[in-house]
Novice: 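So that we are looking at the same thing, I have put the structure below in structure tokens.
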Amino acid sequence: MTPVTNTPAKTHLWLRAETKADEHRSALTPTHAAALLARGTFQITVESDPQRIFPDSEFAAVGCTLAPSHSWRTQAPAEAIILGLKELTPEDTFPLTHNHIHFAHCFKHQAGWYKTLKRFHNGNGTLYDLEFLNDEHGRRVAAFGFMAGFAGAAVGLDVWASASPADRTNFPSISAFPNEAALLTHIKARLAARAGGQLPKVLVIGALGRCGRGAVDMLRKAGLPESHIAQWDLNETKRGGPFPEIATDYDVFINCIYLSSPIPPFLTRHELDLPNRKLSVLVDVSCDPNNPHNPIPVYGESISTFVKPTITTDQGLHVVAIDHLPSLLPREASEMFVADLLPSLVELENGLGARVWREARQLFEKKVGEAKSEYPNEFSS
């Protein structure tokens with residue numbers, strides 16, 4: 001008699017469609033889906049997503065199963081891990097029963113944070129936030145920081161190159177570029193067309209991090225000389241802000257810091273009223289205006305979008321505060337990000353017990369505890 005053997009269940013990843021407008025990136029690419037499937041320990045379902053830079057056919061070609069958009073809500077089996085990129089639709093309130101992996105933007109007490117955590121609590125689901133997956137040294141295992149800085153600097157230069165303040169206020173919608181070369185061609189042409197052929201002086205704060213390095217890389221590739229690129233990091237900001245020279249010495253300010261604790265503001269409305277102000281464009285790549293410790297509290301809590309890229313304050317500052325800037329180069333950004341994330345995804349073949357996932361769950365549970373403590377009536381209902 002042939003002995004009966006039990007085939008171990010495969011880890012089921014369910015790549016959901018994104019709900020955020022103009023989000024073209026993906027938390028999994030066909031290239032890396034193929035690598036996971038080749039291990040023989042994964043099953044991958046991919047929802048159709050007309051916004052995604054990778055067409056359904058590329059996923060089907062490597063062996064993924066296709067599913068309708070947003071079908072995870074009713075069709076994903078309980079054991080499936082729902083993989084996405086950006087936060088779920090905030091208007092939805094139904095309980096979340098699955099294990100979810102995505103950027104939720106709620107662990108730093110952003111607006112509505114407890115409502116997001118309540119949905120997981122009510123459904124007994126778990127959030128493994130991509131922003132807080134760390135290696136053994138406490139560094140993020142994967143991040144879009146470099147591409148965010150790169151794209152943010154590009155949009156900032158594009159806005160600055162506008163002929164007039166009115167053109168910056170009414171800056172036209174932007175859309176994804178097929179590749180870096182196409183983006184650079186566009187930015188160089190915009191700068192060349194600027195009256196007088198002048199180039200802006202640009203300040204990057206957080207210049208030594210992933211995001212800051214990306215911003216500086218774009219500025220150099222766009223043709224700015226080193227004398228026009230100021231790079232600040234901890235050493236330059238340790239004396240504590242505000243820093244009036246941000247307003248008086250630079251045309252464009254690009255904020256690239258990762259805010260993990262309260263710091264004095266870099267720039268306030270007072271500096272924007274200085275008579276010798278030069279600053280006209282602020283690119284807040286960090287884009288955390290809802291954070292109570294936001295270091296550039298000059299433009300309220302609204303963010304801009306690909307459809308309307310700039311916010312013009314009552315002091316005439318043109319602000320770019322788009323929270324998915326890497327979507328300007330979605331294919332390259334996704335490939336770079338998922339390449340870094342892949343080792344952690346591979347560890348899912350043994351369940352969610354690996355250190356990176358275990359610590360992410362512990363953080364989630366801690367944040368749920370904070371929400372329950374701060375909003376007890378919400379969690380008792």
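Remember, it's a predicted structure, so these values are computed and weren't measured experimentally. Index from 1, following the sequence.
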Novice: Report yes or no: do Ser69 and Glu47 form a side-chain donor-acceptor pair below 3.5 Å?
Specialist: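 Note: Ser69 and Glu47 side chains miss the donor-acceptor criterion.
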Novice: Is a donor from one side chain sitting under 3.5 angstrom from an acceptor on the other, for Asp273 and Gln315?
Specialist: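 Per modelled atom types, Asp273 and Gln315 side chains form a pair under 3.5 Å.
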Novice: Same cluster or not: Leu272 versus Val283, using hydrophobic residues (I, L, V, M, F, W, Y) connected whenever any side-chain heavy atoms lie under 4.5 Å apart?
Specialist: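 Leu272 does not cluster with Val283.
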Novice: Do you see a donor-acceptor pair shorter than 3.5 Å between the side chains of Asn294 and Asp288?
Specialist: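 The answer is no; no qualifying pair exists.
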Novice: Just checking, any donor-acceptor pair under 3.5 angstrom between side chains of His12 and Thr45?
Specialist: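 There is such a pair between these side chains.
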Novice: Tell me if a side-chain donor or acceptor on Ser334 pairs with a main-chain N or O of Pro330 at a distance below 3.5 Å.
Specialist: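 Here the side-chain-to-backbone pair exists.
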Novice: When hydrophobic residues are tied together by side-chain contacts of less than 4.5 Å, even through go-betweens, does Leu345 share a cluster with Leu85?
Specialist: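 Yes, Leu345 and Leu85 fall within the same hydrophobic cluster.
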Novice: Check the surroundings of atom NZ in Lys115: do more than 12 heavy atoms from other residues, nucleotides or ligands lie under 6.0 Å from it?
Specialist: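 Atom NZ in Lys115 is not crowded, with 12 or fewer foreign heavy atoms closer than 6.0 Å.
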Novice: Is a side-chain N or O of His98 found less than 3.5 angstrom from the main chain of Ala76, in a donor-acceptor match?
Specialist: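 Yes: the side chain of His98 pairs with the backbone of Ala76.
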Novice: In terms of ring plane angle, is the pair Trp113 and Tyr375 parallel, tilted or perpendicular, where the classes change at 30° and 60°?
Specialist: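 Ring orientation of Trp113 relative to Tyr375: perpendicular.
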Novice: Under the salt bridge (charged side-chain N to carboxylate O under 4.0 Å, His left out) rule, collect the residues that match up with Glu245, sequence neighbours excluded.
Specialist: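 Partners of Glu245 by the salt bridge (charged side-chain N to carboxylate O under 4.0 Å, His left out) criterion, ordered by chain and then number, come out as Arg239.
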Novice: Output all residues satisfying side-chain hydrogen bond (donor to acceptor under 3.5 Å, both in side chains) with Asp56, sequence neighbours left out; order by chain, then residue number.
Specialist: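 Counting only residues at least two positions away or on another chain, Asp56 forms a side-chain hydrogen bond (donor to acceptor under 3.5 Å, both in side chains) with Ser48.
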Novice: Can you tell me which residue among Lys86, Lys108, Lys367 is in a salt bridge (Lys or Arg N to Asp or Glu O under 4.0 Å) with Glu131?
Specialist: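 Looking at Lys86, Lys108, Lys367, the match for Glu131 under the salt bridge (Lys or Arg N to Asp or Glu O under 4.0 Å) is Lys108.
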Novice: Examine distances only and state if a side-chain atom of Gln43 and a backbone atom of Lys10 form a donor-acceptor pair shorter than 3.5 Å.
Specialist: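 No, because the side chain of Gln43 does not come within donor-acceptor range (under 3.5 Å) of the backbone of Lys10.
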Novice: Hey, would you say the Phe107 and Phe132 ring centroids sit under 6.0 Å apart?
Specialist: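 Yes; Phe132 has its ring centre under 6.0 Å from that of Phe107.
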Novice: Ring centroid separation for Phe379 and His121, is it under 6.0 angstrom?
Specialist: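 Close enough - the centres of the two rings lie under 6.0 Å apart.
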Novice: Is it the case that the side chain of Ser286 and the backbone of Ile257 share a donor-acceptor pair, with hydrogens and angles ignored and the cut-off at 3.5 Å?
Specialist: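 Answer holds: yes.
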Novice: Which residues pass the side-chain contact (heavy atoms from CB on, under 4.5 Å) test with Thr116, not counting sequence neighbours?
Specialist: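 For Thr116, the residues satisfying side-chain contact (heavy atoms from CB on, under 4.5 Å) (neighbours in sequence not counted) are Cys106, Phe120.
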Novice: Could Arg39 and Glu349 be called an ion pair, given the rule that one side-chain N must be under 4.0 Å from one carboxylate O?
Specialist: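 Yes, Arg39 and Glu349 are salt-bridged.
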Novice: Nearest 0.5 Å, please: how far is CZ in Arg277 from CD in Glu271?
Specialist: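 Reported to 0.5 Å precision, the distance equals 11.0 Å.
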Novice: Determine whether Leu83 and Ile81 fall in the same hydrophobic cluster, where Ile, Leu, Val, Met, Phe, Trp and Tyr are linked whenever their side-chain heavy atoms lie under 4.5 Å apart.
Specialist: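 Yes; Ile81 is reachable from Leu83 via cluster members.
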Novice: Establish, for the pair Arg25 and Phe144, whether the NZ or CZ atom is under 6.0 angstrom from the six-membered ring centre and no further than 45 degrees off its axis.
Specialist: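 That pair qualifies as a cation-pi contact.
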Novice: Once you measure the plane-to-plane angle for Tyr250 and Trp232, does it fall in the parallel (<30°), tilted (30-60°) or perpendicular (>60°) bin?
Specialist: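 Because their plane-to-plane angle is over 60°, the rings of Tyr250 and Trp232 count as perpendicular.
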Novice: Do Leu219 and Val155 belong together in a cluster built from hydrophobic side chains that touch within less than 4.5 Å?
Specialist: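 Yes, it is one cluster - the side chains of Leu219 and Val155 are joined through contacts under 4.5 Å.
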Novice: Relative to the ring of Phe103, is the ring of His105 parallel (under 30°), tilted (30 to 60°) or perpendicular (over 60°)?
Specialist: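 Taking Phe103 first and then His105, their aromatic rings lie parallel (interplane angle under 30°).
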Novice: Are Val141 and Val356 close enough, and set up right, to give a side-chain contact (heavy atoms from CB on, under 4.5 Å), and what steps lead you there?
Specialist: CA-CA 9 Å; Val141 301; Val356 66; 4.3 Å; yes
Novice: So, using salt bridge (charged side-chain N to carboxylate O under 4.0 Å, His left out) as the criterion, who are the partners of Arg361 when residues are at least two apart?
Specialist: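 With neighbours one apart ignored, the set is Glu365.
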Novice: Apply salt bridge (charged side-chain N to carboxylate O under 4.0 Å, His left out) to Glu79 and list each qualifying residue two or more places apart in sequence or on a separate chain.
Specialist: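 Scan of Glu79 (salt bridge (charged side-chain N to carboxylate O under 4.0 Å, His left out), adjacent residues dropped) gives none.
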Novice: What distance separates Leu348 CG from Asn99 CG, expressed to the nearest 0.5 Å?
Specialist: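 Interatomic distance, Leu348 CG to Asn99 CG, rounded to 0.5 Å: 9.5 Å.
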Novice: When you measure from the side chain of Arg213 to the backbone N and O of Leu208, does any donor-acceptor pair fall under 3.5 Å?
Specialist: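 The answer is yes, because a donor-acceptor pair under 3.5 Å joins these two groups.
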Novice: Go through it in stages, so that I can follow the logic: the residues are Leu341 and Leu133, the test is side-chain contact (heavy atoms from CB on, under 4.5 Å), and I'd like the CA-CA distance, side-chain angles, deciding distance and then a yes or no.
Specialist: CA-CA 9 Å; Leu341 181 63; Leu133 298 183; 4.0 Å; yes
Novice: I'd like to know whether the aromatic ring centres of Trp72 and His100 sit less than 6.0 Å apart in this structure.
Specialist: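 So the answer is yes for these two rings.
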Novice: Does Asn124 CG have over 12 foreign heavy atoms under 6.0 Å away?
Specialist: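 Check fails, neighbour count at 12 or below.
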Novice: Within the side chain of Thr29, is there an N or O that forms a donor-acceptor pair under 3.5 Å with the backbone of His32?
Specialist: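 Checking the backbone N and O of His32 against the side chain of Thr29, a donor-acceptor pair under 3.5 Å is found.
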Novice: Give a yes or no answer on whether the side chain of Thr310 reaches the backbone of Arg168 with a donor-acceptor pair at less than 3.5 Å.
Specialist: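 Yes, the answer is positive, given that a donor and an acceptor are paired below the 3.5 Å cut-off.
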Novice: Considering only heavy atoms from C-beta outward, does the side chain of Pro289 approach that of Ile303 to under 4.5 Å?
Specialist: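 When only atoms from C-beta onward are counted, Ile303 and Pro289 do touch, with a gap below 4.5 Å.
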Novice: Go through the structure and list residues passing side-chain hydrogen bond (donor to acceptor under 3.5 Å, both in side chains) with Thr312, not counting sequence neighbours.
Specialist: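 Checked Thr312 against side-chain hydrogen bond (donor to acceptor under 3.5 Å, both in side chains); matches are Thr169, His318.
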Novice: What orientation do Phe253 and Phe266 show, parallel under 30°, tilted 30 to 60°, or perpendicular over 60°?
Specialist: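 Because their plane-to-plane angle is over 60°, the rings of Phe253 and Phe266 count as perpendicular.
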Novice: Check for a donor-acceptor pair, side chain of Asp233 on one end and backbone N or O of Asn235 on the other, with a separation under 3.5 Å.
Specialist: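 No, the answer is negative, given that no donor and acceptor are paired below the 3.5 Å cut-off.
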Novice: Is the backbone N or O of Gln75 less than 3.5 Å from a side-chain atom of Ser71, with the two atoms forming a donor-acceptor pair by type?
Specialist: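 Side chain of Ser71 to backbone of Gln75, a donor-acceptor pair under 3.5 Å: no, none is there.
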Novice: Could you work out, with side-chain contact (heavy atoms from CB on, under 4.5 Å) as the rule, every residue matching Val62, not counting sequence neighbours?
Specialist: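 By the side-chain contact (heavy atoms from CB on, under 4.5 Å) rule, Val62 matches Ala33, Ala34, Cys64.
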Novice: Taking only residues at least two apart or on different chains, which pairs with a member in residues 183-204 satisfy side-chain hydrogen bond (donor to acceptor under 3.5 Å, both in side chains)?
Specialist: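 Residue pairs passing side-chain hydrogen bond (donor to acceptor under 3.5 Å, both in side chains), neighbours aside: Asp158-His186, Asp158-Arg190, Ser162-Arg190.
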Novice: Only counting residues at least two apart or in another chain, list the ones meeting side-chain hydrogen bond (donor to acceptor under 3.5 Å, both in side chains) with Arg358.
Specialist: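 Partners of Arg358 under the side-chain hydrogen bond (donor to acceptor under 3.5 Å, both in side chains) test: none.
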Novice: Ring of Phe306, cation from Lys20 - is the NZ or CZ under 6.0 Å from the centre and inside 45° of the axis?
Specialist: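 Negative - Lys20 is either too far from the ring of Phe306 or too far off its axis.
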Novice: Regarding Asp340 and Arg210, does a basic nitrogen lie under 4.0 Å from an acidic carboxylate oxygen?
Specialist: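 Here Asp340 does not pair with Arg210 in a salt bridge, since their nearest N and O are not under 4.0 Å apart.
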Novice: Output, in order, the C-alpha distance, side-chain angles, deciding distance and verdict of side chain to side chain donor-acceptor pair (under 3.5 Å) for Thr89 and Thr19.
Specialist: CA-CA 6 Å; Thr89 305; Thr19 59; 3.3 Å; yes
Novice: Under a single-linkage definition using a 4.5 Å side-chain heavy-atom cutoff for Ile, Leu, Val, Met, Phe, Trp and Tyr, are Tyr128 and Phe42 assigned to the same hydrophobic cluster?
Specialist: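 Yes, same cluster.
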Novice: What pairs with Lys221 under side-chain contact (heavy atoms from CB on, under 4.5 Å), at least two apart in sequence or on another chain?
Specialist: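 Applying side-chain contact (heavy atoms from CB on, under 4.5 Å) to Lys221 gives Phe150, Glu180, Leu184, Asp217.
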Novice: So, using side-chain hydrogen bond (donor to acceptor under 3.5 Å, both in side chains) as the criterion, who are the partners of Thr11 when residues are at least two apart?
Specialist: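 Counting only residues at least two positions away or on another chain, Thr11 forms no side-chain hydrogen bond (donor to acceptor under 3.5 Å, both in side chains).
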Novice: Inspect the surroundings of NZ in Lys372 and state if more than 12 heavy atoms from other residues, nucleotides or ligands are less than 6.0 Å away.
Specialist: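 12 or below, so no.
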Novice: Kindly write out the residues that satisfy salt bridge (charged side-chain N to carboxylate O under 4.0 Å, His left out) with Glu91, not counting sequence neighbours, or none if the list is empty.
Specialist: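 By the salt bridge (charged side-chain N to carboxylate O under 4.0 Å, His left out) rule, Glu91 matches no residue at all.
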